[in-house]
Amino acid sequence: MLDHRLILLATPRQIGVLDWRPGHMHWLGEFAASEAGLAAFRQVLLKHAQLPVLLVADTVDEDYRSEVLPHVQGHARNELLARKLKQVFRNARFTGAWRQARETTGRRDDRYLLAALTDADWLTPWLSVLHRERVPLCGITPLALACQHLLARLRVQEPHTLLAYRINNSLRLSYYQNGLLRFSRLISSDTPTQLPGNAADEIAKTQLYLTGQRILPREARLHVLLLDPSGQLDSAQAPLNADPAFSTRLVDMPSLARALRIPDDFLAATPEVAPLAAIAGEAVQLNLAPPELLQRHTEFRWRHGLNLAAGIVAAIGLTLTATYWLHAQGLRDQALQIQGEAQRTDARHAAIVRNFPALATRPDQLGLTLALATQLNRAPLDVNALFLPLGQALTAHPEVVIRALTLQDTADGTAEITLDARLSEFDGNYRAAMSRIDSFVARLAATPGVVAVERVTSPVDTAPTATLTGKTTGETAPEDTRFTLSLQVRTS
Amino acid sequence: MIRPPLATLKTSLLLLLAAVALSAAGIFWSHQQDTEARAAVQLQQAALNAAHANQQQGQTEARLIALHLDAYHALIARGFVGEENRLAWIEAVHLANQDARLYGLTYTLSPRAAAPASLASGLPLKQTRMVVKMPLLVETDLPRFIDALRARAPGLFRVSSCSLARLTDAPPQPVNRPELDAECELLWFTVAADGKEKK
């Protein structure tokens, strides 16, 4: 459906229909230019509704003209060509221009081939049927242009080629310069020149005409290709090759079938399909149809484009939708698997927890609780240990009498002992009393386990910053020698 | 290409619009499905990770329980874990005083309070302050009393501070009469049972 079309080969006597799509073609038959033929043709079109149609015209009433025109583009070119076609072909309805090349020198003008069907009344009934059945006509082109594509398929490389093609009992002579159509004429079967022996004469005449019109350079050697499924042109090869102005080659049907990639028997049964098959997949370079006849095809192309766009959009949408959906299904399956695994893991955890004994605390706090109990069980304030250095010092200094003792746990590995004491006897000699207290303090400081000894109060504070008061009445008491010490003792 | 009248293209345009709309709807719907499925996977993955973590924690806890359960039960029996047992403490200090052959004591128990955080190690450790006052014959009666208390103690305690003061200024006499006044501050520790009961 992408490039499916009907190719019509129209002559004043009949019309042939080829159903073509890439790699496949089917000859639907020929229909005479009569009421019955038109009706049958209409039935065929109805069976192939909505297929675009290319009409290939094969008639003697055609004209070709080569023109060199200034290089213009766009609307100006259209107007220029319209004027030129009107000027050359006057009131011909089916005209067309093909910009073949651009000159390489001078103003670099464009070289055009102008063509027209000078008498196309015979075409009107066929076109009426197409119009009535709303067939999208994509173009009308001369058979000589279809034959140009035939030469391309045959890989003809010669710069000056004349194709002598016998079809429908007529002889068509078409001249191609560097593979591009320059001129064509049809010699119908009504003329006496159609005798096989006259074909060489017609070719020679055509060569003279082309030279006279300066279409063919005078010194050029014309390469003649003889294509005749009936083999009637074979006899023209010898006389032509005898003339040094020609080089002639016969194109046999098997070679043609191979070039066109169609079966031999199909080509042998319907030899007229050869040019149609050659042009079927190509763009129409020379379109003789007036714009009003192409309106249906324009609509067809728009519809086709829009439908194609809708199809592409739908395909992309469907693909993306399917991709996302399939991915989502995969993820859902994955989620279900993970969920199952999580449930199994939860069940294993529940089985573990089910066997736990009743506890008043969290299991992770068991170890902490035990460690804390161990830590608290260690007595930082070991009274016996604290009494030991104190007892040793007091044994060494029996004159020191303890009045009060305070043990304090400082929780940093040491304990603080505050000692409130006095001397057992005092005779008023403060110097001697202070000396004994100093000795006691020194003894304590030297005792193992004692970190520091600080004198908090003394019987006499001789510090220069202190205010010192007292009396010298001669009455003395041991209470006057009270002092306070602060000891730091290591507990661990 | 000259554009034909829109009327002739109506069906094709509608077809294109329908294709665009249906494709957009399909893509949107399937994308939503995909997003939801992705979220479901993430949710289930998080649940699985949590389940694995729970299982691992359960195994760890099972090992901890097996390792510490006996010792922990011993602490419960000793009164360190659970509610404070003031009667037992009072009995303990009384019996310790008798064991040390001392002359009686007076006590004061303060309300239970939270222990310092530096000591608690994150546990709900509580401490109850008990001040014990008693007369002593000699200084060494104090460590004998504390040792006796430690032997009888139904819980864990620490001696926070002790002070000894001589009652008279006279020199010690060889008679069985207390001449020292002792005051000790004891801290009884308990761990509140705030853990959830597990079966």
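Keep in mind it's a predicted model, so treat the numbers as computed, not measured. In what follows, chains carry the letters A, B, and so on, assigned in the order in which the sequence lines appear, proteins first and then strands, with residues in each chain numbered from 1. Side chains included, hydrogens not; waters and symmetry mates left out as well; all remaining heavy atoms used.
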- prompt: Measuring heavy-atom distances to chain A, does B/Leu156 have an atom under 4.5 Å in its side chain, in its backbone, in both, or in neither?
  reply: side chain
- prompt: So does B/Glu83 have more than 12 non-hydrogen atoms from other groups sitting under 6.0 Å from CD?
  reply: no
message: Does A/Arg134, at its CZ atom, have more than 12 non-hydrogen atoms belonging to other residues, nucleotides or ligands within less than 6.0 Å?
response: no
Contacting moiety of B/Ala74, where chain A heavy atoms sit under 4.5 Å: neither
query: With a 4.5 angstrom heavy-atom cut-off, which part of A/Glu479 approaches chain B: side chain, backbone, both or neither?
result: side chain
query: Are side-chain heavy atoms of B/Asp34 and A/Thr323 found at a separation under 4.5 Å?
result: no
Stepwise side chain to side chain contact (heavy atoms under 4.5 Å, CB included) test for A/Trp325 and B/Trp29: CA-CA 9 Å; A/Trp325 186 78; B/Trp29 174 78; 3.4 Å; yes
- request: For the residue pair A/Asp364 and B/Gln57, establish whether any side-chain heavy-atom pair is separated by less than 4.5 Å.
  value: no
message: Could you check whether atom CD of B/Gln56 has more than 12 heavy atoms from other residues, nucleotides or ligands sitting under 6.0 Å from it?
response: no
statement: Given A/Asp346, A/Ile352, A/Leu370, the one with more heavy-atom pairs under 4.5 angstrom with chain B than any other is A/Leu370
- line: Counting heavy-atom pairs under 4.5 angstrom with chain B, the leader among A/Gly330, A/Ser424, A/Ala335 is A/Ala335
task: Decide yes or no on side chain to side chain contact (heavy atoms under 4.5 Å, CB included) for B/Leu119 and A/Gln375, but give the supporting numbers first.
output: CA-CA 9 Å; B/Leu119 189 62; A/Gln375 182 190 346; 3.8 Å; yes
field: Interchain contact, B/Asp181 with chain A, by part (heavy-atom threshold 4.5 Å)
entry: neither
- request: Verify side chain to side chain contact (heavy atoms under 4.5 Å, CB included) between B/His52 and A/Glu341, making sure each step is shown before the conclusion.
  value: CA-CA 10 Å; B/His52 277 147; A/Glu341 178 64 23; 4.1 Å; yes
query: Under a 4.5 Å heavy-atom cut-off, does chain A meet the side chain of B/Gln59, its backbone, both or neither?
result: both
statement: Highest number of heavy-atom pairs under 4.5 Å with chain A among B/Leu64, B/Leu9, B/Thr60, B/Leu67 belongs to B/Leu9
- line: When every non-hydrogen atom of A/Thr321 is compared with those of B/Ile27, the smallest separation belongs to OG1-N, 3.3 Å
query: Considering all heavy atoms of both residues, which atom of B/Gly122 and which atom of A/Gln365 are nearest to each other, and what is their separation?
result: O-NE2, 4.3 Å
query: How about A/Glu425: does its CD atom have over 12 heavy atoms from other parts shown lying under 6.0 Å from it?
result: no
A/His349 side chain to B/Asn54 backbone, donor-acceptor under 3.5 Å: yes
query: What pair of heavy atoms forms the shortest contact from A/Leu368 to B/Ser121, and how long is it?
result: CD1-O, 4.1 Å
- prompt: Side chains of B/Thr8 and A/Trp302: closer than 4.5 Å at any heavy-atom pair?
  reply: no
query: Has A/His131 got more than 12 heavy atoms of other residues, nucleotides or ligands less than 6.0 Å from its NE2?
result: no
message: Let me confirm one number: the CD-CD distance from A/Gln329 to B/Gln33, rounded to the nearest 0.5 Å.
response: 7.5 Å
- request: Would you indicate whether the side-chain heavy atoms of A/Leu320 and B/Ser30 approach each other to under 4.5 Å?
  value: no
Atom pair OG (B/Ser163) and CG (A/Leu407), whose distance is rounded to the nearest 0.5 Å: 8.0 Å
- prompt: Can you tell if the side chain of A/Gln337 reaches within under 4.5 Å of the side chain of B/Gln44, non-hydrogen atoms only?
  reply: no
- line: Assert top hit (heavy-atom pairs under 4.5 Å, partner chain B, pool A/Gly317, A/Ala309, A/Gly305) equals A/Gly317
- prompt: If you count the non-hydrogen atoms of other residues, nucleotides and ligands that lie under 6.0 Å from CZ in B/Phe28, is the total more than 12?
  reply: no
- prompt: Can you check whether A/Asn307 reaches B/Leu15 side chain to side chain, under 4.5 Å on heavy atoms?
  reply: yes
- prompt: In Å, rounded to the nearest 0.5 Å, how long is the span from NE2 of A/His327 to OG1 of B/Thr35?
  reply: 10.5 Å
- prompt: Which residue out of B/Arg144, B/His31, B/Gln42 racks up the most heavy-atom pairs below 4.5 Å with chain A?
  reply: B/His31
message: Shorter than 4.5 Å, heavy atoms on both sides: which option in A/Ala342, A/Gly391, A/Ala371 has the most such pairs with chain B?
response: A/Ala342
message: So A/Asp409 and B/Val159, do their side chains get closer than 4.5 Å, heavy atoms only?
response: no
message: As an exercise, state the distance from CD of B/Glu139 to CZ of A/Phe387, rounded to the nearest 0.5 Å.
response: 6.5 Å
statement: One option among B/Gly58, B/Ala24, B/Cys162, B/Ala71 has the most heavy-atom pairs under 4.5 Å with chain A, and it is B/Cys162
task: Output yes when a side-chain donor or acceptor of B/Arg166 lies under 3.5 Å from a complementary backbone atom of A/Ile402, and no otherwise.
output: yes
task: Please determine, among B/Gly82, B/Ser160, B/Ala18, B/Ala40, the option with the most heavy-atom pairs under 4.5 Å with chain A.
output: B/Ser160
- request: Could you look at B/Val191 and say if it's the side chain, the backbone, both or neither that has a heavy atom under 4.5 Å from chain A?
  value: side chain
- request: Under 4.5 Å, counting heavy-atom pairs only, tell me which of B/Ser12, B/Ala19, B/Ala47 racks up the most with chain A.
  value: B/Ser12
task: Select one option (side chain, backbone, both, neither) describing which atoms of B/Leu180 are under 4.5 Å from chain A's heavy atoms.
output: neither
Between CG on residue A/Leu331 and CD on residue B/Glu36, distance to nearest 0.5 Å: 11.5 Å
task: Please flag which part of B/Tyr72 lies under 4.5 Å from any non-hydrogen atom of chain A: side chain, backbone, both or neither.
output: both
field: Side chain proximity check, B/Gln45 to A/Gln334, heavy atoms < 4.5 angstrom
entry: no
Interface moiety of B/Leu125 toward chain A, non-hydrogen atoms closer than 4.5 Å: side chain
message: With a 4.5 angstrom heavy-atom cut-off, is it the side chain or the backbone of B/Phe157 that approaches chain A, or both, or neither?
response: backbone
statement: So, the part of B/Ile65 with a heavy atom under 4.5 Å from chain A: the answer is both
- request: Mind checking the CZ-CG spacing from B/Phe189 to A/Leu372? Nearest 0.5 Å is all I need.
  value: 8.0 Å
